[in-house]
Amino acid sequence: MMRGVRDFPVEAFRDALRAWFQANARDLPWRRSRDPYRVWVSEVMLQQTRVETVRTYYERFIRRFPDVEALAAAELAEVLRYWQGLGYYRRARHLHAAARRIVRDRAGRWPQTVQEWLALPGVGPYMARAVASIAFGVPTGVVDGNVRRVLARLGGLKQPAVRDLQAWADGLVDPRDPGMFNQAMMELGATVCTPVRPRCGDCPVRTFCRGFSTGRPEQFPTPVRRAEPPEERWWVVLWSHRGRWLLGHKRDGLLQDMWLFPMWPERTGDVETDVLTFWSPPDLRAAADVLRPLAPVVHEFTHRRWRLRPVWIPWPDGWDPPSVDGVMASTGMFQSWQWFPQAYLRRIPIPRAHRKVLAALARPVLRPMTG
DNA sequence: CTCCTGGTAT
DNA sequence: ATACCAGGAG
């Protein structure tokens, strides 16, 4: 057991936390049911994502895919479309794959133990314990980012090991209602024991808290600064022809299975040199004639920052259809490509970064293209 | 603007 | 250890 955690008044802590949660729990859509499907979907969405963002997505998703059978029967593209804008699209692909496993391999029988949940794709230590405790009453503690912070402050721990926190959470969890206890811990972290300026005055368990007694709760756990993500500069080509737009289906890695406008790395800063060299000579001359620079877009991921320079190429209706295969193949990032009518852009999964590019069409150019 | 947050897979 | 997204708060 960790220093500072010995002789922790477990029963009194549970009582104070329970009373607080019963009076202060936010009314969230996924809390109205202990249906494993709903608990699971909400937990997947809430991973790495804020409650207010998830709320809208969750309700739409449940309307469209009301149970695990409906999700398993759906196409991946459809699932991704409902996930569009939430980020971490791998979550959606795993959710979909796991739904198919539950329906096909388990004949719709739900995993109930932590071990069974862990066997599903996209389910790790946190999620397995969250769903098992909330939907099935398994007496196990969960340690997500919120709980980690709450426990670190309670124990006055600067750099707690996850294993120790898990062990502590397992000992703390209320066996009478593990799901409620876990949700209460996370709720406390989300609304009171916040990363900056925690509201200790509103905290139901401050009398148990070493962080509070030190007067500097924000020091637990020790804050760490994230490194600057490296920057990448890309040209993005919005190619339109007879009311259609050319997009590619991303093959792998970042934004896999999403639809993107073709992109080329910026090298010289001159679009004809960097992009149009991959085009056939007649296409090159024609494209240069109708090329329209758009306002730049910045989009930040965890691990890299994109500076996008969108270029609109409105291919005149009267001209021959452009030959796109060689051009799209030259990007090396798509498994297929397609001309989509304007109205269809709402029906395919396009990540936020390229939605911003699309929005740049409606704005005036802010800077010249060269330089 | 700047600084901050988050689970799983590999 | 690193890849993966899109925000919010101040």
Side-chain angles (χ1 to χ4, degrees), chain A residues 39-58 80 82-98 114 117-134 140-153 162-163 165-166 169 182 185-199 218-232 250-260 297-306 308 333 349-357 359:
Chain A
V39 172
W40 177 39
V41 169
S42 70
E43 289 297 342
V44 175
M45 286 189 174
L46 287 163
Q47 236 175 270
Q48 316 296 96
T49 310
R50 290 183 160 70
V51 164
E52 284 315 312
T53 308
V54 166
R55 204 191 273 267
T56 324
Y57 280 88
Y58 173 81
L80 283 174
Y82 276 78
W83 210 269
Q84 166 184 295
L86 259 187
Y88 292 107
Y89 301 100
R90 187 150 48 183
R91 293 180 298 173
R93 292 191 287 114
H94 283 148
L95 184 68
H96 183 239
V114 172
W117 276 101
L118 280 173
L120 291 175
V123 176
Y126 164 75
M127 182 109 59
R129 289 172 171 83
V131 186
S133 66
I134 297 170
T140 178
V142 301
V143 180
D144 73 341
N146 284 316
V147 175
R148 173 172 182 272
R149 190 173 54 254
V150 169
L151 291 179
R153 287 180 181 164
V162 177
R163 282 190 49 204
L165 294 183
Q166 182 65 58
N182 286 332
M185 288 288 279
M186 296 189 277
E187 186 85 341
L188 188 68
T191 64
V192 174
C193 195
T194 49
V196 297
R197 299 152 62 103
R199 306 210 298 272
E218 289 178 271
Q219 297 305 301
F220 309 96
T222 305
V224 288
R225 247 191 71 98
R226 192 138 53 189
E228 282 275 300
E231 189 170 284
E232 296 178 0
K250 182 83 164 44
R251 194 209 330 269
D252 48 23
L254 184 67
L255 303 173
Q256 181 180 351
D257 290 326
M258 305 292 283
W259 288 88
L260 274 68
V297 164
V298 177
H299 187 81
E300 188 154 339
F301 301 98
T302 320
H303 54 308
R304 70 191 77 171
R305 188 200 322 269
W306 277 359
L308 305 179
M333 60 172 78
I350 298 173
R352 199 69 94 187
H354 278 212
R355 291 275 170 203
K356 290 182 190 171
V357 168

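Chain A is the first sequence line, chain B the second, and so forth, proteins listed ahead of strands; every chain is numbered from 1.
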(message) Tell me whether the side-chain N/O atoms of A:H303 come closer than 4.0 Å to OP1 or OP2 in C:dT2.
(response) no
(request) Do nucleotides 4-10 of chain B as a string where each nucleotide becomes B, S or -: B if the base has a protein heavy atom under 4.0 Å, S if just the sugar-phosphate does, - if no protein is that close. (result) SBBBSS-
(request) In whole angstrom, give the distance that lies between atom CG of A:L255 and atom P of C:dA3. (result) 15 Å
(message) Can you confirm whether A:I134 sits close enough to A:E43 that some side-chain heavy atom of one is under 4.5 Å from a side-chain heavy atom of the other?
(response) yes
(request) Round to the nearest Å and state the distance from A:K356 atom NZ to C:dA6 atom P. (result) 8 Å
(message) Could you work out, with side-chain hydrogen bond (donor to acceptor under 3.5 Å, both in side chains) as the rule, every residue matching A:H299, not counting sequence neighbours?
(response) A:K356
(request) List in chain and number order the residues that pass side-chain hydrogen bond (donor to acceptor under 3.5 Å, both in side chains) with A:T302, two or more places apart in sequence or in another chain; answer none if no residue qualifies. (result) A:Y88
(request) Mind calculating the distance between CD (A:E232) and P (C:dC4) to the nearest angstrom? (result) 9 Å
(message) According to side-chain contact (heavy atoms from CB on, under 4.5 Å), who are the partners of A:A128, at least two apart in sequence or on a separate chain?
(response) A:V114, A:W117, A:L118, A:V123
(request) Please name all residues satisfying ring-ring contact (aromatic ring centres under 6.0 Å, His included) with A:Y82, sequence neighbours left out, ordered by chain then number. (result) A:F65
(message) Expressed as a whole number of angstroms, how long is the span from A:D252:CG to C:dA3:P?
(response) 15 Å
(request) Nearest whole angstrom, please: distance from the P of C:dC4 to the CZ of A:R305. (result) 16 Å
(request) Would you kindly give the CD1-to-C1' distance between A:I350 and C:dC5, to the nearest whole Å? (result) 16 Å
(message) Please report the distance, rounded to the nearest Å, between CZ in A:R197 and P in C:dA9.
(response) 13 Å
(message) Using the side-chain hydrogen bond (donor to acceptor under 3.5 Å, both in side chains) criterion, which residues pair with A:E187? Sequence neighbours excluded.
(response) A:R26, A:R31
(request) Rounded to the nearest angstrom, tell me the gap between atom CD in A:E228 and atom P in B:dT2. (result) 8 Å
